[in-house]
Amino acid sequence: MKLKEIKNWSPEIEKKITQHWTNSEQFKFNSNTKKPIYSIDTPPPYVNTTIHIGHAITYSYMDFFARYKRMKGFEVLFPLGIDRNGIPIEIATEKKFKISPFKLGRDKFIEYCKKLLEETTSESIDTFSRLGISFNSYNEGDKIGEIYLTDSPEYRTLTQNTFIDLFRKELIYEDTRINNYDPKLQTTIADSEIEYKEISSIFNYIKFKVKETGKEIIIGTTRPELICTCGMIIYNQKDKRYQSLNGKTAITPIFGKEVPIREHPLAEIEKGTGLAMMCSAGDLSDIQFFREMNLKPTIAINKDGTMNEHAGLLQGLKIKEARKKIIGELKKENLLVKQEQIMHRTPLSERSGAEIEFIEMSEFYLKQLDFKKEVQKIANKINFYPLESKKILESWLDSISIDWPISRRRFYATPIPLWRSGALIALPEKGKYYEPWKESVPQNAEVFENGSLIGKVKDFPDKKWQGETRVFDTWFDSSISELNIIKYPSTFSKKAYPVSLRAQGKEIVRTWLYYTLLRGYFETKKPAFKDVWIHQHILDAKGRKMSKSLNNIIDPQDILKNEGAEVLRLWSIIEGDITKQDLSFSRERIKAELKTINKILNVAKFVTQFKKPKPIPKHLTKTDKLFIDYIEELTKFTDEHYDQYDFHYPALKLRHFLWETFASHYIELTKNRAYNKENKFTKTESLSAHYTLHYLLERFLTLMYPIIPQLTTVIGKELKIKFNEYPKIKKTKTNISPLVNRIIQFNKEIWKKKKDQGISLRAEIKNIKIPKYLKDFEKDLRACHGLN
RNA sequence: GGCCUCAUAGUCUAGUGGCAAAACGGCUCGUUUACACCGAGCAGUCCGCAGUUCGAUUCUGCGUGGGGCCACCA
């Protein structure tokens with residue numbers, strides 16, 4: 001595409017360039033390189049839907065980093081990953097094909113998941129390609145730099161390998177965990193699938209007895225059917241009404257169980273009577289409470305949502321029936337003081353609308369509590385951009401209070417690689433992808449009993465082995481992404497670890513970043529990254545978060561087709577610093593940035609009228625030297641900021657340079673000299689202008705290249721500029737920009753004067769004195785303004 | 001409820017312990033041989049309150065509003 005033929009920049013031009021980039025693999029990673037390696041661990045987007053505008057913009061930023069680092073002489077590892085594991089994929093599949101894994105069976109359901117993933121994955125990859133992201137490769141594969149899928153056998157094998165290691169190091173254990181259970185769908189669900197609604201429910205005031213004094217106490221509850229699981233009665237220590245109860249024992253009504261009465265800050269004075277019964281069917285916090293108090297939880301609800309033997313006379317009833325029955329019993333015994341209608345925040349299943357029940361099940365845990373200090377130490381070795389984001393990690397570290405439950409009772413995720421026979425666990429060798437739910441146990445798998453190795457499977461020929469059906473928490477996969485991109489363990493990974501940069505959103509610091517540091521520590525004892533870059537969010541035009549319910553989600557494809565990638569990229573970096581605050585999306589303002597794109601095109605068209613002089617003119621005029629020095633200063637400034645992942649401030653300055661210095665003043669000032677139609681200037685002076693015009697344009701394009709690579713490449717092709725090296729920083733004289741500003745000031749004054757006098761800007765003007773400090777530029781000023 | 005973070009023209013963003021700035025939109029005027037996706041110009045109680053200070057938009061505290069995370073709801 002010739003520069004002259006381009007009237008306006010358009011997405012059609014972009015399409016040709018990006019297609020070429022995508023197919024030619026010119027950014028391919030060379031693992032045998034002698035250059036220093038710069039590696040970027042990108043956040044594999046979840047493709048339960050196609051990627052959204054936030055992805056488009058934050059990946060553009062990462063592309064700025066990658067292209068800049070290439071210019072600085074690094075071999076840049078910048079692979080695309082796609083996250084395809086986990087519950088959101090399953091939910092999207094269930095919705096799209098209107099199927100249920102429980103009716104369809106695991107095998108068939110997984111096939112449907114794959115079908116969904118194919119569509120969303122290829123559409124997402126296309127968006128990245130059109131954005132001009134310089135990933136090492138646009139082909140899926142297993143080699144360094146190629147697109148990786150977290151559900152590929154290779155990735156899943158790595159996940160399983162790390163689990164096998166952790167298990168052997170005794171960092172994995174099994175313990176009970178209370179799971180969110182949807183009784184309608186008969187499955188455990190994730191916390192994120194719970195929605196809370198204010199539902200009217202009945203608050204019951206129930207009589208308990210104090211064993212020591214025989215007196216009655218009244219306790220309020222919305223869940224009277226759980227009296228059978230009550231483990232303790234608590235009140236707040238500031239509550240004067242109950243001070244005498246501390247250390248005494250309460251007897252539960254109907255069931256007659258003795259439970260201690262204690263002070264606890266969890267109890268609120270204003271709620272109900274100020275006395276609360278603590279039941280072991282709440283959620284995670286209940287487990288904590290019971291552990292803290294050294295109480296044994298009683299579980300009274302079965303998997304199918306019915307009450308079990310612990311519920312005595314309620315056994316076999318569903319929860320709501322049980323609640324009715326116990327109220328009836330309490331009334332009969334005159335133990336129910338009163339009932340109040342209250343609005344109560346109730347956890348519901350997002351999908352089925354059923355009230356969530358909490359059911360205790362055995363799950364695998366990864367130890368993390370013992371390593372909080374180590375992770376903190378590692379974090380201290382990492383550079384955070386911006387520095388404030390480190391606090392998010394630190395406050396999370398402070399608040400971790402249980403180990404990490406890593407097993408899930410779902411389907412489309414990495415299977416947990418083990419088999420069981422009673423209390424024995426068979427752990428396979430590393431290096432292969434295992435699907436125990438449909439494979440038989442390998443004969444050389446190691447057999448563990450209570451954590452200690454007691455032999456191999458073949459030593460126990462009589463045992464029957466059951467394949468594990470559970471899968472890993474998605475974060476267990478995601479938290480080794482940085483190991484995957486450097487193909488750990490390998491000779492390459494040894495020299496490429498720690499990975500140079502982790503770029504990610506602030507909302508997943510406590511998950512992705514934290515878990516990666518933890519897992520990286522277990523594997524290497526080192527920090528996983530040198531730098532961490534944390535960004536904020538893209539909001540809608542009104543400053544609201546984008547969400548399906550608000551119907552304000554913006555599809556990047558729409559912008560790519562209508563306005564194009566270059567405008568989107570330029571806007572995103574001009575609009576604000578996304579590490580400091582959220583950016584509000586604005587179509588209007590994105591379109592406005594088209595002006596800058598076209599200004600660059602037009603400046604380039606002007607400059608290319610003149611040939612770049614060869615050899616370089618020996619004498620440059622003072623005006624030319626000044627403006628060259630000016631952009632040398634800008635080069636240094638830009639480099640210093642790019643190096644700190646700040647592209648926003650330089651982008652603002654560069655754009656300002658383009659409009660307010662280069663186009664409006666340098667070009668206006670030297671136009672006459674460049675054309676030199678009346679031969680007012682010497683040939684040397686004219687050539688000096690040609691040279692400087694090219695110099696300024698070339699440098700400007702080079703500095704802008706990481707941000708708008710397509711536009712600069714199109715212009716660069718014509719001018720034979722290759723953007724593969726960042727310009728050398730040159731020393732300049734001081735006071736460059738004040739002097740340039742004085743010229744600008746002078747020009748503006750003349751233009752204003754002419755306007756006030758109603759004369760054309762081309763017309764000559766008399767009685768203008770050129771100030772002493774501008775004497776060096778007199779000839780250009782006279783020619784430009786027609787001074788007599 | 002706790003913690004973190006942000007708050008500047010109609011809009012959206014820079015910036016500063018002592019004159020507050022760009023862009024978009026609006027309005028006025030103009031067209032100069034790279035550019036009408038052009039040029040020149042016009043318009044602001046820097047969220048509220050209190051404190052520190054000779055002086056606060058800038059520093060500190062509180063409040064209000066947006067964003068994020070965590071917890072809770074017997």
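All values below were derived from every heavy atom in this structure, side-chain atoms included, with hydrogens, water molecules and symmetry-related copies excluded.
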message: Looking at A:Arg223 and A:Glu225, is there a salt bridge between them, counting it only when a charged N and a carboxylate O are closer than 4.0 Å?
response: yes
- line: Contacts of A:Gln368 meeting side-chain contact (heavy atoms from CB on, under 4.5 Å) (sequence neighbours excluded), chain-then-number -> A:Ile400, A:Asp403, A:Trp404, A:Tyr514, A:Tyr515, A:Leu518
query: Based on Watson-Crick and G-U pairs with both distances under 3.5 Å, what dot-bracket line describes RNA chain B 5' to 3', crossing pairs as [ ] and inter-strand pairs as |?
result: (((((((..((.(....[..).)).(((((.......)))))....(((((..]....))))))))))))....
Contacts of type side-chain contact (heavy atoms from CB on, under 4.5 Å), residue A:Glu718, not counting sequence neighbours: A:Lys2, A:Leu3
task: May I ask you to check whether A:Tyr695 and A:Phe627 place their ring centers less than 6.0 Å from one another?
output: no
message: Please classify the nucleic acid contact of A:Ala604 as base, sugar-phosphate, or nothing, using heavy-atom distances under 4.0 Å.
response: nothing
message: By the 4.0 Å heavy-atom rule, please label A:Ile234 as base, sugar-phosphate, or nothing.
response: nothing
message: Considering every strand and a 4.0 Å limit on heavy-atom distances, what is the contact class for A:Trp396: base, sugar-phosphate, or nothing?
response: sugar-phosphate
field: Between B:rC47 and B:rU58 - C1' atom distance, rounded Å
entry: 15 Å
query: With sugar-phosphate meaning primed atoms plus P, OP1 and OP2, does A:Asn8 contact a base, only sugar-phosphate, or nothing at under 4.0 Å between heavy atoms?
result: base
Set of residues satisfying side-chain contact (heavy atoms from CB on, under 4.5 Å) with respect to A:Glu764, sequence neighbours excluded: A:Asn788
- prompt: Taking atom P in both B:rC62 and B:rC6, what distance in whole Å separates the two?
  reply: 15 Å
- prompt: With the sugar-phosphate defined as primed atoms, P, OP1 and OP2, and the base as all remaining atoms, what B/S/- string results for nucleotides 17-24 of chain B, 5' to 3', for protein heavy atoms under 4.0 Å?
  reply: ------BS
- prompt: Please give, in whole Å, the distance from B:rC37 C1' to A:Lys605 NZ?
  reply: 11 Å
message: Using the P atom as the point on both nucleotides, what is the distance between B:rU16 and B:rC59, in whole Å?
response: 10 Å
Residue A:Leu652, side-chain atoms from C-beta onward, closest of B:rA14, B:rC37, B:rG39: B:rA14
query: Taking only N and O in the side chain of A:Gln536, is any of them less than 4.0 Å away from OP1 or OP2 of B:rC69?
result: no
query: More than 12 foreign heavy atoms under 6.0 Å from NZ of A:Lys717: is that the case here?
result: no
message: Suppose we screen for side chain to side chain donor-acceptor pair (under 3.5 Å). Which residues come up paired with A:Glu566, at least two apart in sequence or across chains?
response: none
field: A:Gln745 versus A:Asn741, side-chain donor and acceptor atoms under 3.5 Å
entry: no
field: Contact check, side chains of A:Ile559 and A:Arg587, non-hydrogen atoms, under 4.5 Å
entry: yes
- request: Determine the contact category for A:Leu594: base if any of its heavy atoms lies under 4.0 Å from a base atom, sugar-phosphate if only primed atoms, P, OP1 or OP2 are that close, otherwise nothing.
  value: base
message: Check the phosphate of B:rC37 against A:Lys591, side-chain N and O only, distance under 4.0 Å to OP1 or OP2. Yes or no?
response: no
